Amino acid sequence: MSKVVYPSYSKHNYYAKQIISAYVLKKGPVPLNPFMNWCYFLDDMVDRDLVRKANTRLIELSDEIWQFGEISNGCYHELLLGMKRGILIKFFTVGNQMDMVKPIKNLDDLIFEQELVDKIDIEEFRQRLKEYQSSKPTIISD
C-alpha cells in the first residue's frame with residue numbers, strides 16, 4: 001500500500017493545490033491535501049477550528065509531511081505537530097507548473113512568510129528542523 005503524505009502549504013499557494021496533489025501522486029504517495037478536501041476553510045460555512053481539527057487528523061493519518069513553498073503560521077503549526085509525532089518532513093518549492101516543484105535540499109533555503117517571521121525566532125526554528133531532520137533516515141528524495 002502507498003504511503004500517505006500531508007501536503008502543507010500557505011494559502012498564498014492555494015492556486016497550486018492541484019499541482020501539489022498531482023506532484024505527490026506522480027511520486028507514488030497518496031496526498032491528503034487539505035485544500036482539496038475543504039477548499040479554503042469550507043468558505044467559512046463551519047467554524048475554522050473544525051477545519052483545523054480535521055487537518056490535525058489528516059496529519060495524524062499521514063506517514064510524511066511535504067512542505068511546499070513559503071512556510072506560513074499555519075504550516076509552522078503543522079510542522080510542529082509532525083515533529084511531535086515523529087513524522088518524516090520533506091521540503092519543496094512550488095510553482096504554477098509541476099516541473100517547477102523541486103526538493104529543497106538545504107534547510108537554509110527555506111522561505112518564511114513575514115507574518116511568521118514577526119512571531120517566532122526563525123533561526124531557532126530552522127535549527128530545530130535541522131536537528132529533527134538529522135534524526136530521520138531518508139530526508140530528501142525526489
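The shown structure was predicted, so the numbers you read here are calculated from the model rather than taken from an experiment.
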Please report the shortest heavy-atom distance between [X] and [Y], naming the atom on each side.
{"X": "Asn13", "Y": "Phe68", "answer": "ND2-O, 4.0 Å"}
{"X": "Ala16", "Y": "Val94", "answer": "CB-CG2, 3.7 Å"}
{"X": "Ser2", "Y": "Gly28", "answer": "OG-O, 3.3 Å"}
{"X": "Tyr14", "Y": "Tyr9", "answer": "CA-CE1, 4.2 Å"}
{"X": "Gly95", "Y": "Val101", "answer": "N-CG2, 4.4 Å"}

Please round to the nearest 0.5 Å and tell me the distance separating atom [atom1] of [X] and atom [atom2] of [Y].
{"X": "Arg52", "Y": "His77", "atom1": "CZ", "atom2": "NE2", "result": "9.5 Å"}
{"X": "Ile87", "Y": "Ile65", "atom1": "CD1", "atom2": "CD1", "result": "4.5 Å"}
{"X": "Asn73", "Y": "Ile71", "atom1": "CG", "atom2": "CD1", "result": "11.5 Å"}
{"X": "Ile122", "Y": "Glu124", "atom1": "CD1", "atom2": "CD", "result": "9.5 Å"}
{"X": "Leu110", "Y": "Leu129", "atom1": "CG", "atom2": "CG", "result": "6.5 Å"}
{"X": "Ser62", "Y": "Ile89", "atom1": "OG", "atom2": "CD1", "result": "11.5 Å"}

Donor-acceptor pair, distance only, cut-off 3.5 Å: does the side chain of [X] make one with the backbone of [Y]?
{"X": "Arg126", "Y": "Leu107", "result": "yes"}
{"X": "Thr93", "Y": "Lys102", "result": "yes"}
{"X": "Asp63", "Y": "Val4", "result": "yes"}

Sequence-distant partners of Glu64, salt bridge (charged side-chain N to carboxylate O under 4.0 Å, His left out), two or more places apart: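 So Glu64 forms a salt bridge (charged side-chain N to carboxylate O under 4.0 Å, His left out) with Lys3, Lys90.
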Residues which pass salt bridge (charged side-chain N to carboxylate O under 4.0 Å, His left out) with Glu115, listed by chain and number, not counting sequence neighbours: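 Testing Glu115 for salt bridge (charged side-chain N to carboxylate O under 4.0 Å, His left out), a comparison that skips the adjacent residues, returns Lys119.
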Salt-bridge criterion met for Glu131 and Arg128 (N-O under 4.0 Å):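 Salt bridge between Glu131 and Arg128, a charged N being under 4.0 Å from a carboxylate O: no.
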Distance flag, aromatic centroids of Tyr6 and Trp66, threshold under 6.0 Å: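 No, the ring of Trp66 stays outside the 6.0 Å limit from the ring of Tyr6, centre to centre.
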Tyr23 six-ring centre to Lys26 NZ/CZ under 6.0 Å and within 45° of normal: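 The answer is no, since Lys26 fails at least one limit relative to Tyr23.
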Modelled atom types, side-chain donor and acceptor of Glu113 and Ser72, under 3.5 Å: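 Side-chain D/A pair, Glu113 to Ser72: absent.
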Between Glu70 and Ser10, a side-chain donor and acceptor under 3.5 Å: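 No donor-acceptor contact under 3.5 Å links the two side chains.
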Non-hydrogen side-chain atoms of [X] and [Y] separated by less than 4.5 Å:
{"X": "Thr56", "Y": "Leu58", "result": "no"}
{"X": "Tyr132", "Y": "Gln127", "result": "no"}
{"X": "Tyr76", "Y": "Phe112", "result": "no"}

ILVMFWY cluster, [X] and [Y] together (side-chain gap under 4.5 Å):
{"X": "Ile20", "Y": "Ile111", "answer": "no"}
{"X": "Ile19", "Y": "Met100", "answer": "no"}
{"X": "Leu61", "Y": "Leu25", "answer": "no"}

